[in-house]
Protein chains: 2
Amino acid sequence: MARSWFTQPPEEHKEVCPVTQTQDIIAGKWKIIILWHLSTKTRRFNELQRLLPNISKGILTRQLRELEEDQMVHREVYKEVPPKVEYSLTPLGKSFLPILHSMGEWSKKYLKSK
Amino acid sequence: MARSWFTQPPEEHKEVCPVTQTQDIIAGKWKIIILWHLSTKTRRFNELQRLLPNISKGILTRQLRELEEDQMVHREVYKEVPPKVEYSLTPLGKSFLPILHSMGEWSKKYLKSK
DNA sequence: CGGGATCCCATTCGATACTG
DNA sequence: CAGTATCGAATGGGATCCCG
């Protein structure tokens with residue numbers, strides 16, 4: 001889903017639904033799982049890729065860049081050879097963890113695992 | 001986003017991330033706003049369409065059907081002429097409202113409105 | 001009134017090859 | 001190691017027409 005605006009009739013009353021704003025941030029296919037894996041510790045790019053076995057580099061990069069744009073994730077580049085890049089949650093990212101947690105609890109409580 | 005499974009290497013350790021399961025349910029472009037409009041009261045099809053000015057009938061129907069499949073929304077058909085259909089939240093749908101609310105609060109608290 | 005069926009389009013995902 | 005670039009495939013949204 002694209003970053004969607006919830007617009008009233010054009011030009012009339014543009015308004016953003018706050019819940020939708022939240023939704024947009026975590027809407028990428030892998031974003032939630034990335035946040036989950038970063039919730040406990042800082043991780044390197046390759047580490048994340050191993051944790052997400054079916055993701056390709058390009059996609060992982062894009063998802064991380066978008067989370068970075070939204071200031072959920074911090075990217076720390078070490079100028080070494082070979083390169084080393086570490087990803088971690090920003091304060092904003094950490095502040096979102098309770099919601100992630102409650103989504104998980106809700107799922108386990110109410111959704112029959114299909 | 002499609003209903004995505006978080007799979008370990010094929011055939012090896014299929015597992016569904018609970019948080020992702022939750023995400024999948026509300027991932028449709030209009031689902032959150034539909035749930036929002038149903039949170040206070042039962043509404044008819046046309047009423048929902050008026051509340052969501054930029055949605056087409058086909059899409060609204062599809063979003064509602066998917067919410068119904070996921071048992072978030074109940075569809076009550078009155079056998080009248082002209083037809084009358086009412087949508088309301090199921091108990092499952094209602095149980096989700098606190099999360100919707102906390103997503104909204106998080107957004108308003110931490111996200112600078114762009 | 002409340003849809004279903006169809007077609008089209010934009011976005012996103014994903015595979016592959018290449019690179020500092 | 002951690003990317004970038006490119007391209008094709010899949011998904012989901014939207015418009016339009018038809019129907020009981």
[X] [atom1] to [N] [atom2], straight-line distance once rounded to whole Å:
X	N	atom1	atom2	answer
A:L64	C:dT12	CG	C1'	16 Å
B:L60	D:dG12	CG	C1'	15 Å
A:N54	D:dA10	CG	P	16 Å
B:L51	C:dG2	CG	P	13 Å
B:E68	C:dG3	CD	C1'	13 Å
A:I25	C:dT12	CD1	C1'	18 Å
A:L67	C:dT12	CG	P	14 Å
A:E47	D:dA2	CD	P	9 Å

Answer yes or no: side-chain N or O of B:K57 and base N or O of C:dG2 forming a donor-acceptor pair under 3.5 Å.
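Present.
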Under 3.5 Å, is there any donor-acceptor pair linking the side chain of B:R62 to the base of D:dG13?
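Answer yes: a donor N or O sits under 3.5 Å from an acceptor.
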Any side-chain N or O of [X] under 4.0 Å from OP1/OP2 of [N]?
X	N	answer
A:R44	D:dA2	yes
B:W30	D:dG14	yes
B:N46	C:dG2	yes
B:Q63	D:dG13	yes
B:K29	C:dT11	no

Measuring from the side chain of [X] (C-beta onward, heavy atoms only), which nucleotide among [options] has the closest atom?
X	options	result
A:Y87	C:dG14, D:dG13, D:dG3	D:dG3
B:R65	C:dG2, C:dG4, C:dG14	C:dG4
A:T61	D:dG3, C:dG14, C:dG2	D:dG3
A:I59	D:dC1, D:dG13, C:dC13	C:dC13

Should A:E76 and A:R44 be marked as a salt bridge (charged side-chain N to carboxylate O under 4.0 Å, His left out) after you check the CA-CA gap, both sets of side-chain angles, and the distance that decides it?
CA-CA 9 Å; A:E76 183 79 34; A:R44 299 183 58 175; over 6 Å; no
Using the salt bridge (charged side-chain N to carboxylate O under 4.0 Å, His left out) rule, take B:E66 and B:K31 through it: C-alpha gap first, then chi angles, then the decisive distance, then the call.
CA-CA 9 Å; B:E66 288 176 25; B:K31 293 196 183 158; 2.6 Å; yes
Using every non-hydrogen atom in the two residues, find where B:A27 and A:Q23 come nearest and quote the distance to one decimal.
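Shortest heavy-atom separation between B:A27 and A:Q23 comes out as CA-NE2, 3.4 Å.
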Whether A:E86 side chain and A:R43 backbone form a donor-acceptor pair below 3.5 Å:
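Not confirmed, A:E86 side chain does not pair with A:R43 backbone.
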Between A:S107 (side chain only) and A:M103 (backbone N and O only), is there a donor and an acceptor less than 3.5 Å apart?
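Checking the backbone N and O of A:M103 against the side chain of A:S107, no donor-acceptor pair under 3.5 Å is found.
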Considering heavy-atom distances to DNA chain D, does B:I55 or A:E86 have its closest nucleotide positioned more toward the 5' end?
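First, find each residue's nearest nucleotide; the 5'-ward one identifies A:E86.
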Answer with base, sugar-phosphate or nothing: what part of the nucleic acid does B:Y78 contact at a heavy-atom distance below 4.0 Å?
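Nothing, no heavy atom under 4.0 Å.
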Over all strands shown, is A:S56 touching base, sugar-phosphate only, or nothing at heavy-atom distances under 4.0 angstrom?
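Base, at least one base heavy atom under 4.0 Å.
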Should B:L48 and B:L38 count as side-chain neighbours, where that means a heavy-atom distance under 4.5 Å?
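The answer is yes; the side chains approach within 4.5 Å.
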